[in-house]
Amino acid sequence: MADEPDTDGEIDTDDETVSVSMEISGSYEEVISKLETDTSGGVSLTPVLADFETLLETVVRIDGGTRSAIAEQLPADMNAAFDAEAVVDAMQVLERYDLVVLEGNTWKPGPQLDR
């Protein structure tokens with residue numbers, strides 16, 4: 001008989017299709033926040049990616065600079081604090097993807113940004 005537990009305790013169903021309708025109203029931001037995927041149980045890299053994007057944008061905006069110059073130009077609203085040493089650590093990661101290059105002691109936009 002359908003919808004009855006089988007010998008393993010699982011329910012067999014004859015029809016596995018489901019239809020759900022709902023309306024979400026509110027401001028754009030409220031609606032989007034309700035539709036976002038729940039990432040509970042996992043670690044979100046969003047703050048990391050945002051900081052790397054800000055770091056790269058800063059390098060491009062100032063057309064390169066030393067680690068200290070870059071650290072001084074970073075906005076205060078980043079997710080993590082970036083001092084000169086942290087800039088070097090992050091730049092070494094970006095360098096692996098040809099997003100920046102080190103010329104002497106100056107970090108400059110890399111070949112991937114010329115495309």
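In what follows, residues are counted from 1 in the order of the sequence shown.
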Checklist entry - Heavy-atom distance under 4.5 Å between the side chains of Asn79 and Val48, does that happen here? => result no

Checklist entry - Listed by chain and number, what are the side chain to side chain donor-acceptor pair (under 3.5 Å) partners of Glu95, not counting sequence neighbours? => result none

Checklist entry - Got Phe52 and Val93 here, is their nearest side-chain heavy-atom distance under 4.5 Å? => result yes

Checklist entry - Can you find a heavy atom in the side chain of Thr66 that is under 4.5 Å from one in the side chain of Trp107? => result no

Checklist entry - Going only through I, L, V, M, F, W and Y residues with side-chain contacts under 4.5 Å, is there a path from Leu56 to Met78? => result yes

Checklist entry - Any side-chain heavy-atom pair from Thr58 and Pro75 closer than 4.5 angstrom? => result yes

Item to check | Path from Ile62 to Val101 over hydrophobic side-chain contacts below 4.5 Å | outcome: no

Checklist entry - Rounded to the nearest 0.5 Å, how far does CD of Glu85 lie from OG of Ser68? => result 10.0 Å

Next on the checklist: As a quick check of understanding, evaluate side-chain contact (heavy atoms from CB on, under 4.5 Å) for Leu55 and Val100, giving each step before the final call.
Outcome noted: CA-CA 11 Å; Leu55 180 59; Val100 295; over 6 Å; no

Next on the checklist: Can you see whether Ser44 engages Thr46 through a side-chain donor-acceptor pair at a distance of less than 3.5 angstrom?
Outcome noted: yes

Checklist entry - Could you state the interatomic distance from CG (Leu45) to CG (Asp51), rounded to the nearest 0.5 Å? => result 11.5 Å

Checklist entry - Distance-only, no hydrogens or angles: does the Asp63 side chain make a donor-acceptor pair with backbone N or O of Lys108 under 3.5 Å? => result no

Item to check | Heavy-atom pair with the smallest gap, counting every atom of Ala86 and Ala81 | outcome: CB-O, 4.2 Å

Item to check | Atom pair OG1 (Thr106) and CZ (Arg67), whose distance is rounded to the nearest 0.5 Å | outcome: 12.0 Å

Checklist entry - Which distance, rounded to the nearest 0.5 Å, do you find between the CZ of Phe82 and the OG1 of Thr54? => result 9.0 Å

Checklist entry - Under a 4.5 Å cut-off applied to non-hydrogen side-chain atoms, are Leu113 and Asp98 in contact? => result no

Next on the checklist: Walk me through whether Val59 and Met91 qualify under side-chain contact (heavy atoms from CB on, under 4.5 Å).
Outcome noted: CA-CA 10 Å; Val59 171; Met91 293 300 226; 2.9 Å; yes

